**Q** 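For reference, the structure I am asking about is given below.
Since the model is a prediction, treat every value here as computed from it, not as a measurement.
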Amino acid sequence: MDDSSMVGLLGRVTGTVGPGLVGEVIVRIRGGAEHFLAYPSSPTDRMEPGTVVTVIDHLPPRTVYVARAYES
C-alpha cells in the first residue's frame, strides 16, 4: 500500500493524541483494522480516546498525522 492511499481514511483514537504525546489510533485498512502511532496535524490539537479522526499524512511504516473528522 502506498502512502497516499492512507490519506483520508477514518480512524478512532485509542491513546490520547496531543502536544508532546505519541498517541495511537486504529484505522480500518487492508480488510481489517490496524494500530498506528499518531501525532496531531495541528501542534495544539488534543484528541481523547474515542475521537473519530481523518488521516492527513502517513509516514511508513506505522506513523500517521491525524485531525478530527467531525467538529463537536
**Q** Show the nearest heavy-atom pair for residues Pro19 and Pro40, with the distance to one decimal.
**A** N-CG, 4.4 Å
**Q** How would you list all residue pairs meeting salt bridge (charged side-chain N to carboxylate O under 4.0 Å, His left out) that involve residues 36-52, not counting sequence neighbours?
**A** Arg46-Glu48
**Q** Is the side chain of Thr14 donor-acceptor paired with the backbone N or O of Glu24 at a distance under 3.5 Å, no angle test?
**A** yes
**Q** Provide the closest heavy-atom pair for Tyr70 versus Val52 in the form atom of the first, atom of the second, distance.
**A** CE1-CG1, 3.6 Å
**Q** Is the number of heavy atoms from other residues, nucleotides or ligands under 6.0 Å of Arg62 CZ greater than 12?
**A**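 Yes, because the 6.0 Å sphere around CZ of Arg62 holds more than 12 heavy atoms from other groups.
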**Q** In terms of hydrophobic clusters joined by side-chain contacts under 4.5 Å, are Leu59 and Tyr39 together?
**A** yes
**Q** Side chains of Met6 and Phe36: closer than 4.5 Å at any heavy-atom pair?
**A** yes
**Q** Under 3.5 Å, is there a donor-acceptor pair between the side chain of Arg12 and the main chain of Gly50?
**A**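 Yes, because the side chain of Arg12 sits within donor-acceptor range (under 3.5 Å) of the backbone of Gly50.
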**Q** With Leu37, which residues qualify under side chain to side chain contact (heavy atoms under 4.5 Å, CB included), at least two apart?
**A**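 Testing Leu37 for side chain to side chain contact (heavy atoms under 4.5 Å, CB included), a comparison that skips the adjacent residues, returns Val22, Thr63.
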**Q** Taking all heavy atoms of Val13 and all of Val17, pick out the closest pair and write down the distance.
**A** CG1-CG2, 4.1 Å
**Q** Would you indicate whether the side-chain heavy atoms of Met47 and Val53 approach each other to under 4.5 Å?
**A** yes
**Q** Applying the side-chain contact (heavy atoms from CB on, under 4.5 Å) criterion to Leu9, which one of Ile29, Val64, Thr54, Val66 satisfies it?
**A**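 Filter result, single survivor: Ile29.
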**Q** Report yes if some heavy atom in the side chain of Thr16 is under 4.5 Å from a heavy atom in the side chain of Pro49; otherwise report no.
**A** yes
